[in-house]
Peer 1: 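Handing you a structure now.
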Amino acid sequence: CIIFFNIIFSFAQTKVGDVHFNDVDEFNDTELMLNGAGVRDRLYAIALYLDFEVDGVEDGVMVAEKDVNMAVTLKMTSSLDNVEFKEMIRQGLERATDGNSYLMENQIRDFLNLIPIEINKFDI
């Protein structure tokens, strides 16, 4: 019975729109917990993984300032032009930082350079 419970627990997932995210996932040999997820206009679903819990939106500053392992997983639910996708990310970061995304411009450019030229449905 204990083995059965452990097997179910290890595959626990959260559904966001039509996409499933693992409740616990491993990134670079570190286990991180799903801490929030959302869907954008049926284009993609996104999940934030942390090694600590947050209580709400007000903890966003704490998350941004922590120097610990974190991960974001994007699961594409539609094919997109990478220029369009990069613009969507820039706009989202601009809103999320109350117009202060310029303070992180180098990090934003580094992140945007990770985005492949071709973005297809079902890419992660």
Side-chain angles (χ1 to χ4, degrees):
C1 183
I2 293 173
I3 293 173
F4 181 69
F5 175 75
N6 284 337
I7 290 171
I8 290 174
F9 180 74
S10 67
F11 293 105
Q13 294 187 331
T14 297
K15 186 174 181 182
V16 180
D18 294 332
V19 175
H20 290 87
F21 289 101
N22 294 333
D23 290 342
V24 176
D25 219 332
E26 191 170 307
F27 302 89
N28 294 332
D29 299 324
T30 302
E31 266 194 7
L32 300 177
M33 298 175 293
L34 179 65
N35 234 287
V39 120
R40 166 90 192 252
D41 302 327
R42 296 183 178 233
L43 299 173
Y44 64 86
I46 186 169
L48 173 66
Y49 288 88
L50 306 170
D51 67 351
F52 58 95
E53 290 189 44
V54 295
D55 290 326
V57 176
E58 64 278 355
D59 287 340
V61 172
M62 178 188 69
V63 172
E65 292 177 350
K66 276 204 176 237
D67 187 16
V68 296
N69 289 325
M70 301 179 200
V72 173
T73 298
L74 286 164
K75 294 187 176 185
M76 303 309 297
T77 55
S78 180
S79 295
L80 286 174
D81 174 81
N82 96 333
V83 173
E84 177 186 12
F85 187 58
K86 286 179 179 183
E87 184 58 30
M88 286 174 28
I89 290 173
R90 277 200 173 277
Q91 289 173 3
L93 290 169
E94 190 67 14
R95 282 191 307 273
T97 60
D98 290 324
N100 294 310
S101 65
Y102 68 91
L103 297 171
M104 301 181 307
E105 186 57 34
N106 291 336
Q107 293 93 332
I108 292 170
R109 276 194 208 129
D110 289 346
F111 176 71
L112 293 177
N113 285 334
L114 297 173
I115 297 172
I117 291 175
E118 193 173 319
I119 302 169
N120 298 304
K121 186 176 184 177
F122 305 119
D123 282 353
I124 298 174

Peer 1: Please, which pairs that meet side chain to side chain donor-acceptor pair (under 3.5 Å) have at least one residue in residues 71-82, sequence neighbours excluded?
Peer 2: none
Peer 1: CG of Leu74 to CD1 of Ile115: how many Å apart, nearest 0.5 Å?
Peer 2: 8.0 Å
Peer 1: Treat each ILVMFWY residue as a node, draw an edge where side-chain heavy atoms are under 4.5 Å apart, and state whether Leu93 and Ile119 are in one component.
Peer 2: yes
Peer 1: Would you give the length of the straight line joining atom CG of Leu43 to atom CD of Glu84, rounded to the nearest 0.5 angstrom?
Peer 2: 7.0 Å
Peer 1: I would like to know whether Asp41 and Met88 meet side-chain contact (heavy atoms from CB on, under 4.5 Å); could you show each step before the answer?
Peer 2: CA-CA 11 Å; Asp41 302 327; Met88 286 174 28; 5.9 Å; no
Peer 1: Which residues pass the salt bridge (charged side-chain N to carboxylate O under 4.0 Å, His left out) test with Arg109, sequence neighbours left out?
Peer 2: Glu105
Peer 1: Given side chains that start at C-beta, do those of Glu118 and Asp123 come closer than 4.5 Å, heavy atoms only?
Peer 2: no
Peer 1: Honestly curious: do Leu114 and Ile117 fall in one hydrophobic cluster under the side-chain, below-4.5 Å linking rule?
Peer 2: no
Peer 1: Does a sphere of radius 6.0 Å around CG in Asp110 hold more than 12 heavy atoms from other residues, nucleotides or ligands, not counting ones at 6.0 Å or beyond?
Peer 2: yes
Peer 1: Taking the side chain as every heavy atom from C-beta outward, state whether Leu112 and Ile89 have any pair of such atoms under 4.5 Å apart.
Peer 2: yes
Peer 1: Tell me which pairs pass ring pair (Phe, Tyr, Trp, His ring centres under 6.0 Å) where either residue lies in residues 84-124, with sequence neighbours left out.
Peer 2: Tyr44-Phe85
Peer 1: Strictly by side chain to side chain donor-acceptor pair (under 3.5 Å), give each pair with a member in residues 91-101 just once, sequence neighbours left out.
Peer 2: Glu87-Gln91, Glu94-Ser101
Peer 1: If Ile, Leu, Val, Met, Phe, Trp and Tyr residues are connected whenever their side-chain heavy atoms lie under 4.5 Å apart, and connections chain through other members, are Tyr49 and Val72 in the same group?
Peer 2: no
Peer 1: Report yes if some heavy atom in the side chain of Met76 is under 4.5 Å from a heavy atom in the side chain of Lys121; otherwise report no.
Peer 2: no
Peer 1: Scan the side chains in residues 23-34 for donor-acceptor partners under 3.5 Å anywhere in the protein, sequence neighbours excluded, and list what turns up.
Peer 2:
unit_1: Asp23; atom_1: OD1; unit_2: Thr14; atom_2: N; d: 3.3
unit_1: Asp23; atom_1: OD1; unit_2: Thr14; atom_2: OG1; d: 2.4
unit_1: Asp25; atom_1: OD2; unit_2: Asn22; atom_2: ND2; d: 3.3
unit_1: Thr30; atom_1: OG1; unit_2: Asn69; atom_2: ND2; d: 3.2

Peer 1: Quick one: which residue pairs count as a ring pair (Phe, Tyr, Trp, His ring centres under 6.0 Å) with a foot in residues 63-82, not counting sequence neighbours?
Peer 2: none
Peer 1: Does Ile46 reach the side chain of Arg40, with side-chain heavy atoms less than 4.5 Å apart?
Peer 2: no
Peer 1: Of all heavy-atom pairs between Gly17 and Val39, which one has the smallest distance, and what is that distance?
Peer 2: CA-CG2, 4.3 Å
